[in-house]
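Structure first, commentary second.
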Amino acid sequence: MSMIDEILQFNKGFVEREEYKSHKASKYPSKKLAILSCMDTRLTLLLPAALGLKNGDVKIIKNAGGVISHPFGSVMRSLMVCIYQLGIEEILVIGHYDCGMQNLRSDEITQKMLSAGIHTEVIDRVKAEIDYDKWLSGFECVEQSVSETVAQIKNHPFIPERIKIYGLIMDPDTGRLDRL
Ligand code: ZN
């Protein structure tokens with residue numbers, strides 16, 4: 001059975017068994033908190049569990065590395081919605097040790113693109129339009145990355161002064177948080 005069929009079959013049972021009842025929540029976060037974190041699979045359930053969060057408590061925005069790659073991109077837009085539409089008062093930027101974005105290199109990804117059949121000319125065309133290497137590169141140090149992201153949010157022209165912003169690093173094995 002393919003993955004999608006397996007998921008749809010499980011989903012049918014989930015709804016029939018009314019298992020959604022224990023997850024009932026409002027779209028307005030009960031804790032007035034937004035979290036920006038990494039998409040790492042180890043954090044999927046560990047992060048909310050280790051912070052004592054349940055469904056409906058917070059807004060969680062995730063991407064590779066938990067970074068903001070553009071001041072007017074989708075992460076900042078999500079934070080705008082969090083603050084101005086959903087009443088968020090605090091933001092946690094949570095990086096983690098052993099992150100896949102640490103030391104990620106754009107030339108490594110480029111090689112894999114070429115092997116997957118993406119043409120050099122296509123890559124060159126994109127390189128002429130954007131800062132390709134910066135876009136596809138990770139960070140060297142997670143503490144530095146989180147600090148920079150916190151500063152990016154703090155210094156953003158649309159973030160009101162009352163919003164509190166904190167940087168934290170999670171141990172992906174134990175869930176321990178180290179505050180920056
Ligand atoms: Zn990560």
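Sequence positions, counted from 1, serve as the residue numbers for this chain. Atoms within each ligand, like the ligands themselves, are counted from 1 in listed order. Both backbone and side-chain heavy atoms feed into the values below; hydrogens, waters and symmetry mates do not.
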Fill in: Flag side-chain contact, heavy atom, 4.5 Å: F139 against L104
no

Practice prompt. Please list, in chain and residue-number order, the protein N/O/S atoms closer than 2.8 Å to the Zn ion (ligand 1).
Written response: C38 SG, H96 NE2, C99 SG

Discussion item. Checking one residue: I7. Which other hydrophobic residues are in its cluster under the side-chain 4.5 Å linking rule?
Written reply: M3

Item to complete: Using distance alone, with no hydrogens and no angle criterion, decide if D178 and Y97 have a side-chain donor and acceptor under 3.5 Å apart.
Response: yes

Output side-chain donor-acceptor pairs under 3.5 Å for residues 29-40, partner residues at least two apart or in another chain, one line each.
{"unit_1": "S30", "atom_1": "OG", "unit_2": "G56", "atom_2": "O", "d": "3.4"}
{"unit_1": "S30", "atom_1": "OG", "unit_2": "D57", "atom_2": "OD1", "d": "2.9"}
{"unit_1": "S37", "atom_1": "OG", "unit_2": "I94", "atom_2": "O", "d": "2.9"}
{"unit_1": "D40", "atom_1": "OD1", "unit_2": "R42", "atom_2": "N", "d": "2.7"}
{"unit_1": "D40", "atom_1": "OD1", "unit_2": "R42", "atom_2": "NE", "d": "3.0"}
{"unit_1": "D40", "atom_1": "OD2", "unit_2": "R42", "atom_2": "NH2", "d": "2.8"}

Worksheet item: Are R77 and Y84 in a cation-pi setup, meaning NZ or CZ lies under 6.0 angstrom from the ring centre and within 45 degrees of the ring axis?
Response: no

Acceptor/donor pairs from residues 120-132 side chains to any protein atom, 3.5 angstrom cut, sequence neighbours excluded:
{"unit_1": "D131", "atom_1": "OD1", "unit_2": "K134", "atom_2": "N", "d": "3.4"}
{"unit_1": "Y132", "atom_1": "OH", "unit_2": "T110", "atom_2": "OG1", "d": "2.7"}

